[in-house]
Trainee: 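Dropping the structure in here first, questions after.
For the single chain, residues carry numbers from 1 onward in sequence order.
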Amino acid sequence: MTVLGNLGRWLGNGRSVWKKLKYKALLLLAALVTVLSGVGWGAIAQDYPQPFEPLPPRAFQEIRGVWVTTNDMDVLRDSYLLHSAVAQLARLNFNTIYSVVWNSGYVLYPSPVAQRAGIQPFVQRGLNGQDMLADLINAAHREGVLAIPWFEFGFMAPPMSELTTLHPDWLTRRYDGGYTSLSAAGEVNWLNPFHPEVQQFITDLVLEVVTRYDVDGIQFDDHTSLPVEFGYDPYTIALYQQETEQPPPANPRDPAWMRWRADKLTAFMTQLHGAVKARKPNIIFSVSPNPYDTAYDAFLQDWLAWVRQGLVDELLVQVYRSDIQSFMDHISRPEIREAQQLIPTGAGILTGLRNRPMPMRMVQAKVQAARSRGLGFSFFFYESLWDIAPEPPEERQTIFQAMFQNPAVRDRVAIAQPPAPSPPPDDLPPVLPPLSEELPPVPPPRAEELPVPPSPPADWLTYPQ
């Protein structure tokens, strides 16, 4: 009877026992992975909080992405290195590559749009004359990985680029008349996102990529925006006066003035989204902004409105924080929880910079924190995954393999069907008609077609804010 009584009591407390066993099993698994990777578990447990609660249900496949930037030009330009890199990412069960195509006022692919605009006297090609974007897309699709080109610079352009030199009327200003601001990319000008010709130019570049290449999506980041200090150019002043019958406030942070400009940005994104979906309805319209407070207060980027209006198929918030508690605070915010109920949502995780390598234990902690909240992730940037790092590449790759033990295959058509977007305001100046001609698909690259361009200048090396 005593044995049976003990068994009954054990079964009666089965739920409690299961919780204890599950908790110990998770501890043991985490410790085993850490020991195998050569990183002390005690250091991780002491330095970073480790949430062990069960993962919430997921409506979407986990995003496991990486940004390929102009820092990675050695890989992008060398076809052998590129295909090897993509194959390695696929072996480690990454599922998405965000490759830069618009940086420093130039495109990184052969562009009839840029040539017609006269802004690019050279063509960026690989070491053997290949189209680098087409090469990356082919490599990614061969490995079952999504390829999503990334318009990194958005409305930014360097002061000495052909774009700003040939089109000074496209630039916006601060109240004091200044044209430039300091960013992680150095001193930059800002194209006026409300000017019809600027909107047309950006739209044409985007549609060119969507039409000519077999892309799985298109991505816009924190630079598809406008710093709050800007908007005092003649075009915007006249437009504001026409609509409100008063000049813009001298205070750039006047709430009504901020809202007016943010709404204009949202109206442009509505039009751009419609143009992209008209060409290819099933590709992913991806946005990678700053956390919402910074995005709106500093850059007039109301990405939460974009999500609510159905303009975004995928959200990756850049949470480049140096400590785990700040990271966890940002990914727990209500706007992120709201977004992840509608679309695949993830956190941008910094894996290191050239002058600031990131310990792998910090990367692990952030991945675990994101997963515990049902979020995916993308890493900035490719070379810092394991080549620019405090640990040997093999050790970091082993840890990534342990974190991504099972494949997470994504399909560009397997995205949420968002609510119908709201129509743009009637008073918005119309964007010029979209690029009308149907551009031909990209032909197979020929090495003799164009000479190999020189390496990009040092100021192309950009880092997150």
Trainee: Exactly one of Phe230, Tyr240, Phe194 should register a side-chain contact (heavy atoms from CB on, under 4.5 Å) with Arg261. Which one does?
Mentor: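 Exactly one pass, corresponding to Phe194.
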
Trainee: Which residue in the set Trp150, Phe380, Trp67 passes ring pair (Phe, Tyr, Trp, His ring centres under 6.0 Å) when paired with Tyr98?
Mentor: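 By the ring pair (Phe, Tyr, Trp, His ring centres under 6.0 Å) criterion, Tyr98 pairs with just one of Trp150, Phe380, Trp67: Trp67.
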
Trainee: With rounding to the nearest 0.5 angstrom, report the OG to CE distance, Ser104 to Met156.
Mentor: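 Answer for the OG-CE pair, Ser104 versus Met156, is 7.5 Å.
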
Trainee: Output the distance between atom OG1 (Thr351) and atom CE (Met360), rounded to the nearest 0.5 Å.
Mentor: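 So the gap between those two atoms works out to 8.5 Å.
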
Trainee: Hey, would you say the Phe377 and Phe404 ring centroids sit under 6.0 Å apart?
Mentor: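 Distance test on ring centres: under 6.0 Å, yes.
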
Trainee: Looking at every non-hydrogen atom in both residues, tell me the closest pair between Glu152 and Asn103 and how far apart they are.
Mentor: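 Closest approach of Glu152 to Asn103: OE1-ND2, 2.7 Å.
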
Trainee: Within the 4.5 Å heavy-atom criterion, are Val307 and Glu335 side-chain neighbours or not?
Mentor: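 No; the side chains remain at least 4.5 Å from each other.
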
Trainee: Under the criterion side-chain hydrogen bond (donor to acceptor under 3.5 Å, both in side chains), I'd like the reasoning laid out for His141 against Asp216: C-alpha separation, chi angles, the key distance, then a yes or no.
Mentor: CA-CA 10 Å; His141 288 174; Asp216 300 298; 2.7 Å; yes

Trainee: Which pair of heavy atoms, one from Asn95 and one from Ala408, lies closest together, and at what distance?
Mentor: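 For Asn95 and Ala408, the tightest heavy-atom pair comes out as ND2-O, 2.6 Å.
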
Trainee: Can you name the nearest heavy-atom pair linking Ala117 to Leu166, along with the distance?
Mentor: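 Closest pair (atom of Ala117, atom of Leu166, distance): O-CD1, 4.2 Å.
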
Trainee: Of the options Thr211, Ile284, Val210, which is the one that meets Val276 in a side-chain contact (heavy atoms from CB on, under 4.5 Å)?
Mentor: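 With Val276 as partner, Thr211, Ile284, Val210 yield a single side-chain contact (heavy atoms from CB on, under 4.5 Å), made by Val210.
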
Trainee: Taking the side chain as every heavy atom from C-beta outward, state whether Arg356 and Ser322 have any pair of such atoms under 4.5 Å apart.
Mentor: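 No, side chains not in contact.
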
Trainee: Checking the side chain of Asn128 only, and the main-chain atoms of Gln130 only, is there a donor and an acceptor separated by less than 3.5 Å?
Mentor: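 No.
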
Trainee: Apply the test side-chain hydrogen bond (donor to acceptor under 3.5 Å, both in side chains) to residues Arg371 and Gln368: give CA-CA distance (whole Å), side-chain angles for both, the deciding distance (0.1 Å), then the verdict.
Mentor: CA-CA 5 Å; Arg371 272 183 165 160; Gln368 185 174 356; over 6 Å; no

Trainee: Check whether any side-chain N or O of Lys366 sits under 3.5 Å from a backbone N or O of Arg321 as a donor-acceptor pair, and report yes or no.
Mentor: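 Side chain of Lys366 to backbone of Arg321: a pair is present.
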
Trainee: Tell me the closest heavy-atom pair linking Leu163 and Leu191, and the distance in Å.
Mentor: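 For Leu163 versus Leu191, the nearest heavy atoms are CD2-CD1, 3.9 Å.
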
Trainee: Any side-chain heavy atom of Thr266 sitting closer than 4.5 Å to one from Trp306?
Mentor: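 Sidechains of Trp306 and Thr266: in contact.
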
Trainee: If we only count heavy atoms from C-beta on, is the Val145 to Phe94 side-chain gap below 4.5 Å?
Mentor: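 Val145 does not reach Phe94 side chain to side chain.
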
Trainee: Quick one: does Asp135's side chain have a donor or acceptor within less than 3.5 Å of a partner on Asp131's backbone?
Mentor: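 Not a single qualifying donor-acceptor pair exists.
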
Trainee: Once rounded to the nearest 0.5 Å, what's the spacing between atom CG of Leu300 and atom CG of Leu265?
Mentor: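 Result: 6.5 Å between the selected atoms.
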
Trainee: Can you check whether Gly231's main-chain N or O pairs, donor with acceptor, with Thr172's side chain at less than 3.5 Å?
Mentor: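 Answer holds: yes.
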
Trainee: Start with the C-alpha gap between His195 and His167, add the side-chain angles, then the distance that decides, and say whether side-chain contact (heavy atoms from CB on, under 4.5 Å) holds.
Mentor: CA-CA 12 Å; His195 196 296; His167 299 285; over 6 Å; no

Trainee: Counting C-beta onward and ignoring hydrogens, is there a side-chain heavy-atom pair between Gln309 and Met269 closer than 4.5 Å?
Mentor: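 When only atoms from C-beta onward are counted, Met269 and Gln309 do not touch, as no gap falls below 4.5 Å.
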
Trainee: Give me the atom names and distance for the closest heavy-atom approach of Leu205 to Tyr109.
Mentor: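 Distance-wise, the nearest heavy atoms are O-OH, 3.6 Å.
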
Trainee: Please give me the minimum heavy-atom distance between Leu92 and Gln397, naming the atom from each residue.
Mentor: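 Heavy-atom minimum between the residues: CD2-O, 3.7 Å.
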
Trainee: Has Lys277 got a side-chain atom pairing as donor or acceptor with Ile283's backbone, closer than 3.5 angstrom?
Mentor: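 Present.
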
Trainee: State whether the side chain of Thr236 and the backbone N or O of Tyr232 hold a donor-acceptor pair below 3.5 Å, judged by distance alone.
Mentor: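 Flag not set: sc Thr236 to bb Tyr232 has no pair under 3.5 Å.
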
Trainee: Looking at Glu245, I want to see if its CD is surrounded by more than 12 non-hydrogen atoms of other residues, nucleotides or ligands under 6.0 Å.
Mentor: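 Open: at most 12 neighbouring heavy atoms sit under 6.0 Å from CD of Glu245.
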
Trainee: If you round to the nearest 0.5 Å, how far is CD of Glu338 from CD1 of Ile343?
Mentor: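 Reported value, rounded in 0.5 Å steps: 10.0 Å.
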
Trainee: For the residue pair Pro110 and Arg125, establish whether any side-chain heavy-atom pair is separated by less than 4.5 Å.
Mentor: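 Touching, per the 4.5 Å side-chain cut-off.
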
Trainee: Checking Ser288 against Gln219 for the side-chain hydrogen bond (donor to acceptor under 3.5 Å, both in side chains) test, could you report, in this order, the C-alpha distance in whole Å, the side-chain angles of both residues, the deciding distance, and whether it holds?
Mentor: CA-CA 7 Å; Ser288 177; Gln219 187 181 77; 4.7 Å; no

Trainee: Determine, using ring centers only, whether Phe285 and Phe220 are less than 6.0 Å apart.
Mentor: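 Distance test on ring centres: under 6.0 Å, yes.
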
Trainee: Looking at Arg337 and Ser332, would you say the former's side chain and the latter's main chain have a donor-acceptor pair under 3.5 Å?
Mentor: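 Pair found, side chain donor or acceptor close to backbone of Ser332.
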
Trainee: Please check this pair: side chain of Arg333 against backbone of Asp329, looking for a donor-acceptor N/O pair closer than 3.5 Å.
Mentor: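 Checking the backbone N and O of Asp329 against the side chain of Arg333, no donor-acceptor pair under 3.5 Å is found.
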
Trainee: Between Ser111 and Glu208, is the side-chain hydrogen bond (donor to acceptor under 3.5 Å, both in side chains) condition met? List the steps.
Mentor: CA-CA 8 Å; Ser111 169; Glu208 177 177 62; 2.6 Å; yes

Trainee: Without swapping roles, check the side chain of Gln301 against the backbone of Asp221 for a donor-acceptor pair under 3.5 Å.
Mentor: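 Checking the backbone N and O of Asp221 against the side chain of Gln301, a donor-acceptor pair under 3.5 Å is found.
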
Trainee: Show, in sequence, the C-alpha distance, side-chain angles and deciding distance for Ile119 and Tyr106, and conclude whether the side-chain contact (heavy atoms from CB on, under 4.5 Å) test is met.
Mentor: CA-CA 8 Å; Ile119 68 160; Tyr106 303 107; 5.7 Å; no

Trainee: Is the shortest side-chain heavy-atom distance between Arg253 and Glu229 below 4.5 Å?
Mentor: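 They are in side-chain contact.
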
Trainee: For side-chain contact (heavy atoms from CB on, under 4.5 Å), just list the numbers for Met403 and Arg64, CA-CA rounded to whole Å, side-chain angles, deciding distance to a tenth of an Å, and then say yes or no.
Mentor: CA-CA 11 Å; Met403 290 192 296; Arg64 299 176 187 170; over 6 Å; no

Trainee: Charged N to carboxylate O below 4.0 Å: is that the case for Arg308 and Asp302?
Mentor: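 Result for this pair is no, no salt bridge flagged.
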
Trainee: Tell me if a side-chain donor or acceptor on Asp72 pairs with a main-chain N or O of Val75 at a distance below 3.5 Å.
Mentor: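 Checked: no pair found.
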
Trainee: Ion pair present between Arg396 and Glu391, side-chain N to carboxylate O less than 4.0 angstrom?
Mentor: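 Salt bridge: yes.
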
Trainee: How about Phe379 and Phe400: are their ring centroids closer than 6.0 Å?
Mentor: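 Close enough - the centres of the two rings lie under 6.0 Å apart.
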
Trainee: Check this for me: Arg259, atom CZ, are more than 12 non-hydrogen atoms of other residues, nucleotides or ligands nearer than 6.0 Å?
Mentor: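 Counting neighbours around CZ of Arg259, more than 12 heavy atoms of other residues, nucleotides or ligands fall under 6.0 Å, so yes.
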
Trainee: Are Asp204 and Arg116 close enough for a salt bridge, meaning some N to O gap below 4.0 Å?
Mentor: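 Salt bridge absent between Asp204 and Arg116.
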
Trainee: What do you reckon, are the aromatic ring centroids of Phe155 and Trp190 less than 6.0 Å apart?
Mentor: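 Ring centroids of Phe155 and Trp190 are no less than 6.0 Å from each other.
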
Trainee: Apply side-chain contact (heavy atoms from CB on, under 4.5 Å) to residues Glu314 and Ile63 and explain how you reach the verdict.
Mentor: CA-CA 9 Å; Glu314 169 194 275; Ile63 301 170; 3.7 Å; yes

Trainee: Taking atom CG of Leu146 and atom CZ of Arg410, what is their separation to the nearest 0.5 Å?
Mentor: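 Taking CG in Leu146 and CZ in Arg410, the distance rounds to 5.5 Å.
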
Trainee: Is there a side-chain contact between Leu272 and Thr203 (heavy atoms, below 4.5 Å)?
Mentor: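 The answer is yes, as the side chains (C-beta and beyond) meet within the 4.5 Å cut-off.
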
Trainee: Between Asp222, Leu311, Val317, which is the residue that forms a side-chain contact (heavy atoms from CB on, under 4.5 Å) with Trp303?
Mentor: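 Among Asp222, Leu311, Val317, the one that satisfies the side-chain contact (heavy atoms from CB on, under 4.5 Å) with Trp303 is Val317.
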
Trainee: Measuring from Ile137:CD1 to Ile97:CD1, what's the distance to the nearest 0.5 Å?
Mentor: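 One gets 10.5 Å once the value is rounded to the nearest 0.5 Å.
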
